[in-house]
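Here the structure is a predicted model, which is why all the values come from computation and not from measurement. Heavy atoms only: backbone and side chains are in, while hydrogens, waters and symmetry mates are out. Letters A, B, ... mirror the listed sequences (proteins, then strands); counts begin at 1.
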Amino acid sequence: MTYSSVAKLIELQKRLSRRIVSSLKPMDTASIRRIVGLDAAYSKRYGGVAIAALTTRDGQLLTYSVALGEPPLQYIPGLLAFREAPLFYTALRLLDSNYDLVVVDGHGISHPRRAGIASHIGIAIAKPSIGVAKKKLYGHEQIVSEDCKPPCIAGYVVDEDTGEKLAAIVRTGRSKKSRLYVSPGAYTDLDSATTIVLELLEARKTPLPAPTYHADRISKTIARQLDSGELSPRSLKKRHRTLLDYI
DNA sequence: GCGACAG
DNA sequence: ATCTTGTCGC
């Protein structure tokens with residue numbers, strides 16, 4: 001990546017953020033039935049291993065799809081969407097199923113230009129999206145209740161200059177490290193996003209919201225099996241019998 | 001020059 | 001993200 005091409009992508013995000021921010025509004029959380037979790041791992045032989053895991057509202061895994069491919073870019077903080085989103089779009093098309101919301105491993109508007117990967121994806125597929133990251137990318141932390149009972153809201157990430165609330169800091173366990181940064185991607189707001197994520201954490205008692213937890217586990221397993229040779233890329237294209245076939 | 005820096 | 005064994009703690 002050259003400096004000028006990086007600048008181009010940053011400008012693209014600045015324009016995209018207009019649409020992202022204007023899409024942020026409370027959503028009808030009660031109408032959410034099916035949720036897709038998006039996460040990626042990396043295989044030495046085939047590159048990115050993107051997983052779209054379809055779950056029920058209570059975190060039950062119904063089915064999932066896999067997309068393999070060499071990422072078009074190296075990882076650059078703030079530009080993750082250009083590296084990983086393309087593979088997620090492929091995985092979502094392969095899923096060819098109905099869903100009401102996507103939860104992405106990474107940030108939504110808790111981003112220097114309000115254009116994290118979850119926001120890119122939400123706008124691209126025109127559906128509500130939520131970003132759930134393990135580490136902060138941008139903004140300042142305002143801790144409110146450091147010792148709340150997990151899963152709970154320990155505080156927020158706010159913009160230094162505007163004071164705008166960007167993400168909720170969710171405590172998922174007793175240790176200091178078990179925190180998540182929850183931010184709206186698109187077509188939802190911070191409160192709705194946080195409500196849903198807290199519910200998903202509660203449902204399965206997982207360290208990550210169930211949809212993303214499943215996607216994370218599956219992507220890592222497949223990446224490892226691909227590199228060890230016990231799994232071939234073509235075998236991934238086979239349609240497997242899943243819970244969806246029995247529902 | 002020194003931190004901060006999603007995955 | 002990934003490279004990696006033991007080890008501190010509940």
Whole angstroms only, please: what is the [atom1]-[atom2] distance between [X] and [N]?
{"X": "A/L79", "N": "B/dC5", "atom1": "CG", "atom2": "C1'", "answer": "12 Å"}
{"X": "A/Q74", "N": "C/dA1", "atom1": "CD", "atom2": "C1'", "answer": "13 Å"}
{"X": "A/D227", "N": "C/dC3", "atom1": "CG", "atom2": "P", "answer": "8 Å"}
{"X": "A/Y46", "N": "C/dT2", "atom1": "OH", "atom2": "C1'", "answer": "18 Å"}
{"X": "A/R83", "N": "B/dG7", "atom1": "CZ", "atom2": "C1'", "answer": "7 Å"}
{"X": "A/K136", "N": "B/dG3", "atom1": "NZ", "atom2": "C1'", "answer": "11 Å"}
{"X": "A/E141", "N": "B/dA4", "atom1": "CD", "atom2": "C1'", "answer": "12 Å"}
{"X": "A/E160", "N": "B/dA4", "atom1": "CD", "atom2": "P", "answer": "13 Å"}

Report yes if at least one side-chain N or O of [X] is closer than 4.0 Å to OP1 or OP2 of [N]; otherwise report no.
{"X": "A/K220", "N": "C/dA1", "result": "yes"}
{"X": "A/K44", "N": "C/dA1", "result": "no"}
{"X": "A/Y138", "N": "B/dC5", "result": "no"}

Step-by-step ring pair (Phe, Tyr, Trp, His ring centres under 6.0 Å) determination, A/H120 to A/F82:
CA-CA 9 Å; A/H120 277 244; A/F82 297 105; 5.2 Å; yes

Whether A/R204 side chain and A/L201 backbone form a donor-acceptor pair below 3.5 Å
no

A/A41 side-chain proximity, nearest of B/dG7, C/dT2, B/dA6:
C/dT2

Measure from the side chain of A/L80, starting at C-beta and using heavy atoms only, and say which of B/dC5, C/dA1, B/dA6 lies closest.
B/dA6

By the 4.0 Å heavy-atom rule, please label A/G48 as base, sugar-phosphate, or nothing.
nothing

Under 4.0 angstrom, heavy atoms only, what part of the nucleic acid is A/Y75 near: base, sugar-phosphate, or nothing?
base

Check the side chains of [Y] and [X] for a donor-acceptor pair under 3.5 angstrom, ignoring hydrogens and angles.
{"X": "A/E141", "Y": "A/Y181", "result": "yes"}
{"X": "A/T195", "Y": "A/S192", "result": "no"}
{"X": "A/S43", "Y": "A/D227", "result": "yes"}

Per-pair stack call A/Y181 and B/dA6, 5.5 Å, 30°
no

